[in-house]
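Presented below is the structure to which this report refers.
Counting begins at 1 with the first residue of the sequence. Given the structure is predicted, the values throughout are model-derived calculations rather than measurements.
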Amino acid sequence: MPHGEVVVDLAAFQTNLRLMQKIVAPATIMAVLKSDAYGHGLLRLARAAIDAHITFLGALDIPTALALRRARLGDEIDIFAWLHTPGDDYRTAIDSRIDLGISNVAELNAILAVNSTSPARLHLKIDTGLHRNGASEEDWPQLVRAAVHAQDGGRARIVGVWTHIAEASEQEDTHAIARFEAAIALAEGLGAHFTVRHLAASAASFARADSRFDLVRVGAFAYGISPGGGVTPHQLGLHPVMTLRSAVTEVAVGSMTRTALVPLGTGDGIPREVVNTVRVALGGELLLITDIGLDWFTVDLGDHDVAVGETVVLFGDGSSGELTLQAWADALGTIGEEIAVRLSPRLQRIYTF
């Protein structure tokens, strides 16, 4: 075994997607693959999603979207990018049929300025209260009119309308949904027609049927990562996809302690806060992490006999007694996806079905 392995269960990933698709039907699923598919591996997870009959992929940014398009996943696959920077290659994105989320007229003008011979595929974003981009209620008519004008001139195609919601409370989400519906009605009155309307991400799609519209963006839930707050993937019917494991490289015996050295550390993305907080599965027991460095951590063995070379499972699906990623997140006061995306690319990814 190399110093550490990330084992990715593609069958579990596909099972989660199928569960989500069943829950949100008749809406469809967009599988979100941002941040290297939440640290699981972009292209392998994209292909697994497509094998599970997902035809809409969420890339977050244009470079990721173009990497997906270059992988020749199929002309029928739609790819959505919504976080743009001034240096983005809009021309290649448009020519590659990437769907672009836009929030304001300046962003639209920058996209149109590249003068592509193909129409830009647009998803117009309205801010419904989260304030994570999106046109304000005051600016929304101007954005819609500009997009309709570009479409009438053959320079753009209005594909979708979308928003993020805060998922802060039932009442706030109800208000956000109402604002979204009002924005759609106003846009249609100005001549816009939308193929897809999307508001809900993972959590909202589980909780509220009225949030699903035509398309649901599924990120963390597809990977078996739940929203935290003590809610486990098992309670949601989801299967954790990622297992992180290593092996003991040294057993040290002191006058008062016995410790095992494991060759993973903060340089591999293991949070320093795991010390005296998180336990790993080793020798059939859950044993406490006692110290950590850049490329190692130690485990208190107590009276347990452990040999060099024995497997150490940091987290997994819990089936062998190890902690889950969600248990790590709860112990560390964070969310599971933050831990997953921190894991170093130098850790070998192993894919299983």
Side-chain angles (χ1 to χ4, degrees), residues 28-37 42-43 46-47 49-50 54-127 132-136 139-164 183-184 186-188 190-199 213-215 217:
T28 57
I29 292 290
M30 176 194 295
V32 177
L33 302 169
K34 63 183 180 181
S35 301
D36 193 31
L42 177 67
L43 297 183
R47 292 188 176 99
I50 292 167
I54 302 300
T55 61
F56 220 131
L57 305 178
L60 178 68
D61 54 47
I62 287 175
T64 301
L66 293 177
L68 289 168
R69 193 59 87 198
R70 285 193 297 269
R72 300 184 183 277
L73 301 173
D75 293 339
E76 75 281 6
I77 303 302
D78 293 314
I79 303 173
F80 180 49
W82 63 94
L83 185 64
H84 310 310
T85 62
D88 277 337
D89 186 355
Y90 289 128
R91 177 185 292 276
T92 303
I94 295 168
D95 293 344
S96 300
R97 209 177 64 81
I98 304 301
D99 287 21
L100 301 172
I102 60 169
S103 297
N104 54 65
V105 173
E107 202 167 46
L108 173 61
N109 288 339
I111 290 168
L112 298 177
V114 302
N115 292 319
S116 172
T117 56
S118 302
R121 294 170 57 86
L122 307 178
H123 292 234
L124 310 185
K125 186 175 185 184
I126 177 71
D127 177 19
R132 188 188 297 176
N133 296 328
S136 66
D139 292 339
W140 178 244
Q142 181 186 14
L143 175 60
V144 173
R145 289 190 185 99
V148 170
H149 179 72
Q151 179 168 267
D152 290 344
R155 305 175 67 197
R157 178 189 166 197
I158 300 172
V159 176
V161 58
W162 72 296
T163 191
H164 280 101
I184 292 171
L186 189 151
E188 290 175 341
L190 294 173
H193 300 284
F194 304 108
T195 303
V196 289
R197 305 161 299 161
H198 50 113
L199 172 145
F213 292 91
D214 305 303
L215 184 69
R217 304 182 302 272

Self-check item: I62 side chain reached by L100 side chain, heavy atoms, under 4.5 Å
Solution: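 Yes, side chains in contact.
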Practice problem: Kindly indicate, with the supporting measurements, whether the criterion side chain to side chain contact (heavy atoms under 4.5 Å, CB included) is fulfilled by L68 and I77. | Solution: CA-CA 10 Å; L68 289 168; I77 303 302; over 6 Å; no
Quiz item: Among V196, I158, V161, which residue meets the side chain to side chain contact (heavy atoms under 4.5 Å, CB included) test with H123?
Solution: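 Exactly one option meets the side chain to side chain contact (heavy atoms under 4.5 Å, CB included) with H123, and it is V196.
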Looking at every heavy atom in both [X] and [Y], which two are closest together, and how far apart are they?
X    : Y    : result
R217 : T163 : NH2-O, 2.9 Å
W140 : A183 : NE1-O, 2.9 Å
I79  : A59  : CG2-CB, 4.0 Å
A49  : A31  : CB-CB, 4.2 Å
G191 : V148 : C-CG2, 3.9 Å
I98  : A81  : CG2-CB, 4.1 Å

With sequence neighbours excluded, residues passing side-chain contact (heavy atoms from CB on, under 4.5 Å) with [X]:
X    : result
D61  : P63, T64
L190 : P141, V144, R145, L186
A110 : Y90
L60  : K34, W82, L83

Exercise. Would you check, one step at a time, whether the test side chain to side chain contact (heavy atoms under 4.5 Å, CB included) holds for F56 with T28?
Key: CA-CA 9 Å; F56 220 131; T28 57; 5.8 Å; no
Quiz prompt | side-chain hydrogen bond (donor to acceptor under 3.5 Å, both in side chains) contacts in which one or both residues fall within residues 147-162, not counting sequence neighbours | solution =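 Output for this query is empty, none listed.
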Exercise. Give the C-alpha distance, both sets of side-chain angles, the deciding distance and a yes or no for side chain to side chain contact (heavy atoms under 4.5 Å, CB included) between N104 and D139.
Key: CA-CA 8 Å; N104 54 65; D139 292 339; over 6 Å; no
Self-check item: Test side chain to side chain contact (heavy atoms under 4.5 Å, CB included) applied to D214 and T195, step by step
Solution: CA-CA 8 Å; D214 305 303; T195 303; over 6 Å; no
Is a donor on one side and an acceptor on the other found under 3.5 Å between the side chain of [X] and the backbone of [Y]?
X    : Y    : result
D36  : L42  : yes
D127 : S136 : no
H84  : G101 : yes
R69  : S96  : yes

Quiz item: Taking only residues at least two apart or on different chains, which pairs with a member in residues 90-112 satisfy salt bridge (Lys or Arg N to Asp or Glu O under 4.0 Å)?
Solution: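 Pairs touching residues 90-112 that pass the test: D78-R97, D99-R121.
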